[in-house]
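See below for the structure under consideration.
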Amino acid sequence: MRIATATLAVLALAGQATPAAAGHRPTNDGIWRMDGYGTVLAVRNGTLQEYQTTAVSCLEGDSARRTGPSTYTLPDGTVLTMRTRGGRDRGSVRVAGSVGDRNLRRIPGLPDACTSPAPEGPLASFDVFWQSFEENYPFFAAKGIDWHAVRDRYRPRVHAGTTKDALYDVFSEMVRPLHDAHVAVQDGDRLFAQGRPGTVMPTEGWDTEIKKFIVTRDLKDARNLQDFANGRITYADLPGGQGYLRISGFGGYTGDGAPYAAQLAELDKALDTVLGQEHTRSLKGLIIDLRINGGGSDTLGLRIAERLTDTPYLAYSKRARNDPADPTRHTRPQPAYVTPAHGPRYTGPLAVLTGGSTVSAGETFTQALMDRPGKTVRIGQPTQGVFSDVMSRRLPNGMSAWLPNEEFLTRSGRTFDGTGIAPHLTEPVFTKEEFAKKRDSAFDAALNILRAYGDATG
């Protein structure tokens, strides 16, 4: 699950039990340790319980109940799947809407820390907070942060009498230099989170303001202007035969709380209209506008990419940190492919508009188009620079820490965390100067490039 309004992804980890013949224990019952992710899963009696582990702690996380022969469901409606493979002591778990599986291996029992009283008090909360980042965060070296020095600086400020408010401030100060939009400190309704300096994080109000500007300025002469998917997707036919497709998120298509399957169905319905056979046959170019995109489900982005190619290709590979003591060790990269969809597809020139408010799943979708066969040009500004699903780690005092632990790799092994994906053609994106002069330079550049492609092939 990705939280688009905060541009953060919170992954609830759980799995499913496979039924067995009467009188036999289900194959998945037992205790499982996840490769990477600092997680142990206990499956028994139709329930799956998550335990969040570090070298200094084990705290209960989410739980899920079995709702079908292959599924467990979390209280928020998220559906998860767990399978054994290569023998009864190996398995995998997948969350609907997330790319890739997490590998599991059976262990004899819960770690000792999981059966002992949980640590309490401000110092225990500090230690679990620091250790969670120490064991899972992949980007300290890239960001020039000495996390051990951070502990030495801030731990002396915490003692048995430290208030929750003071501890919230300490945690926020500790992670502030990371400038990572997938890092957050949460205490009830309070949330500290920030993006890359010089960027604006997408919000509902910002999205509404920008959409009004685009409709008034860029689409004033367009035809067939339509909204789909609860307003998250907008399409219009431009006067020169090009199309304009705006995507402000990869979720929220059917309202709050709707399951992934409903989101996918709503997306397919929109794409059937936008990229119908008669329509794509006459389309001379397509602008995909991701400049305000708060993220969501990576698999919904892949679903759109499947409508934009006739040739299978690698979108990216995904890996996670897999050694608490060594940030250079990872799980085996899992490839994610773009496979041409059945039915009508558009394979002509694309102009993809991006900026600092292109976040998370908006970025993985951008990455999934980088090796697309055919003409694809990126225009605007670099994306935000956060790609991973987000781990939600509970702390002993009831607060939570959110952090990434994954990397999305290109075919050559490159990642774009921190810097974001750069455009081929740099143009200003929604600056004060652009608004003052009623300009949208990135849109105009995209239109000119697509028209040039059309003239060259016409």
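Position 1 is the first residue of the sequence, and the numbers go up from there. Treat the numbers as computed from the prediction; the structure is a model and nothing was measured.
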Side chain to side chain, [X] and [Y], heavy atoms closer than 4.5 Å:
X      : Y      : result
Ile379 : Val352 : no
Phe430 : Ile210 : yes
Gln367 : Phe416 : yes
Thr78  : Tyr260 : no
Tyr137 : Lys143 : yes
Leu178 : Phe140 : yes
Trp206 : Thr203 : yes
Ile288 : Tyr244 : no

Check this for me: does any side-chain nitrogen of one of [X] and [Y] sit under 4.0 Å from a carboxylate oxygen of the other?
X      : Y      : answer
Asp89  : Arg105 : no
Arg393 : Glu50  : yes
Arg281 : Glu278 : yes
Arg378 : Glu427 : no
Arg319 : Asp35  : no
Arg88  : Asp29  : no

Is there a donor-acceptor pair under 3.5 Å between the side chain of [X] and the backbone N or O of [Y]?
X      : Y      : value
Thr71  : Thr81  : no
Asp440 : Asp218 : no
Ser282 : His279 : yes
Arg372 : Leu308 : yes
Arg196 : Gln384 : yes
Ser98  : Val95  : no
Glu363 : Ser360 : yes
Arg439 : Ala442 : no
Tyr37  : Ala320 : no
Gln131 : Thr54  : no

Exercise. Kindly determine whether Glu306 and Val338 satisfy side chain to side chain contact (heavy atoms under 4.5 Å, CB included), including the steps that lead there.
Key: CA-CA 6 Å; Glu306 291 171 354; Val338 177; 4.1 Å; yes
Quiz item: Arg246: what forms a salt bridge (Lys or Arg N to Asp or Glu O under 4.0 Å) with it, not counting sequence neighbours?
Solution: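 Result, salt bridge (Lys or Arg N to Asp or Glu O under 4.0 Å) vs Arg246: Asp207.
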Quiz item: Sequence neighbours excluded, which residues qualify as salt bridge (Lys or Arg N to Asp or Glu O under 4.0 Å) partners of Arg90?
Solution: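 By the salt bridge (Lys or Arg N to Asp or Glu O under 4.0 Å) rule, Arg90 matches no residue at all.
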Self-check item: side chain to side chain contact (heavy atoms under 4.5 Å, CB included) assessment of Thr273 paired with Phe228
Solution: CA-CA 10 Å; Thr273 300; Phe228 303 90; 3.8 Å; yes
Quiz item: Going through the distances and angles, do Thr39 and Thr53 end up as a side chain to side chain contact (heavy atoms under 4.5 Å, CB included)?
Solution: CA-CA 6 Å; Thr39 297; Thr53 64; 5.9 Å; no
Practice problem: Kindly determine whether Asp62 and Arg394 satisfy salt bridge (Lys or Arg N to Asp or Glu O under 4.0 Å), including the steps that lead there. | Solution: CA-CA 10 Å; Asp62 292 302; Arg394 297 183 181 180; 3.0 Å; yes
Of all the heavy-atom pairs spanning [X] and [Y], show the shortest one and how long it is.
X      : Y      : value
Ile292 : Pro202 : CG2-CB, 4.0 Å
Pro344 : Leu275 : CB-O, 3.4 Å
Leu353 : Phe443 : CD1-CA, 4.2 Å
Leu238 : Ile287 : CD1-CD1, 4.1 Å
Glu266 : Ala229 : CG-CA, 3.9 Å
Gly243 : Tyr235 : CA-OH, 3.4 Å

Practice problem: Measure centre to centre between the rings of His179 and Phe139, then say whether the value is under 6.0 Å. | Solution: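 Centroid separation for His179 and Phe139: 6.0 Å or greater.
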Quiz item: Can we call the ring centroids of Phe250 and Phe365 under 6.0 Å apart?
Solution: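 They qualify: ring centres under 6.0 Å apart.
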Hey, what do you get for [atom1] ([X]) to [atom2] ([Y]), rounding to the nearest 0.5 Å?
X      : Y      : atom1 : atom2 : answer
Arg451 : Lys284 : CZ    : NZ    : 10.0 Å
Leu225 : Lys220 : CG    : NZ    : 13.5 Å
Thr358 : Asp289 : OG1   : CG    : 8.0 Å
Asp101 : Thr331 : CG    : OG1   : 11.0 Å
Gln242 : Ile449 : CD    : CD1   : 12.0 Å
Asp417 : His182 : CG    : NE2   : 9.5 Å

Quiz item: Taking only residues two or more places apart in sequence, or in another chain, which ones meet Tyr337 in a ring pair (Phe, Tyr, Trp, His ring centres under 6.0 Å)?
Solution: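 Checked Tyr337 against ring pair (Phe, Tyr, Trp, His ring centres under 6.0 Å); zero matches.
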Does a side chain donor of either [X] or [Y] reach within less than 3.5 Å of an acceptor in the other side chain?
X      : Y      : answer
Glu434 : Ser441 : yes
Thr234 : Asp227 : yes
Thr311 : Thr309 : no

Exercise. Evaluate the ring planes of Trp147 and Phe133, with Trp represented by its six-membered ring, and classify them as parallel (under 30°), tilted (30 to 60°) or perpendicular (over 60°).
Key: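 Trp147 and Phe133: tilted rings.
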Quiz item: Is the charged tip of Lys318 near the ring of Phe408: under 6.0 Å from the six-membered ring centre and within 45° of its axis?
Solution: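 Cation-pi check for Lys318 and Phe408: fails.
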For the [atom1] atom on [X], are there more than 12 heavy atoms of other groups (residues, nucleotides or ligands in this structure) within a distance under 6.0 Å?
X      : atom1 : answer
Lys211 : NZ    : yes
Lys269 : NZ    : no
Arg190 : CZ    : yes

Quiz prompt | Identified side-chain contact (heavy atoms from CB on, under 4.5 Å) partner of Gln263 from the options Asp268, Asn230, Leu300 | solution =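 So the option named by the test is Leu300.
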Exercise. Just do the salt bridge (Lys or Arg N to Asp or Glu O under 4.0 Å) check on Asp298 and Arg303 with the steps written out, would you?
Key: CA-CA 9 Å; Asp298 296 320; Arg303 190 76 162 199; over 6 Å; no
Practice problem: Show the numbers, then the answer: is there a side chain to side chain contact (heavy atoms under 4.5 Å, CB included) between Asp310 and Arg345? | Solution: CA-CA 7 Å; Asp310 281 339; Arg345 299 180 294 272; 2.7 Å; yes
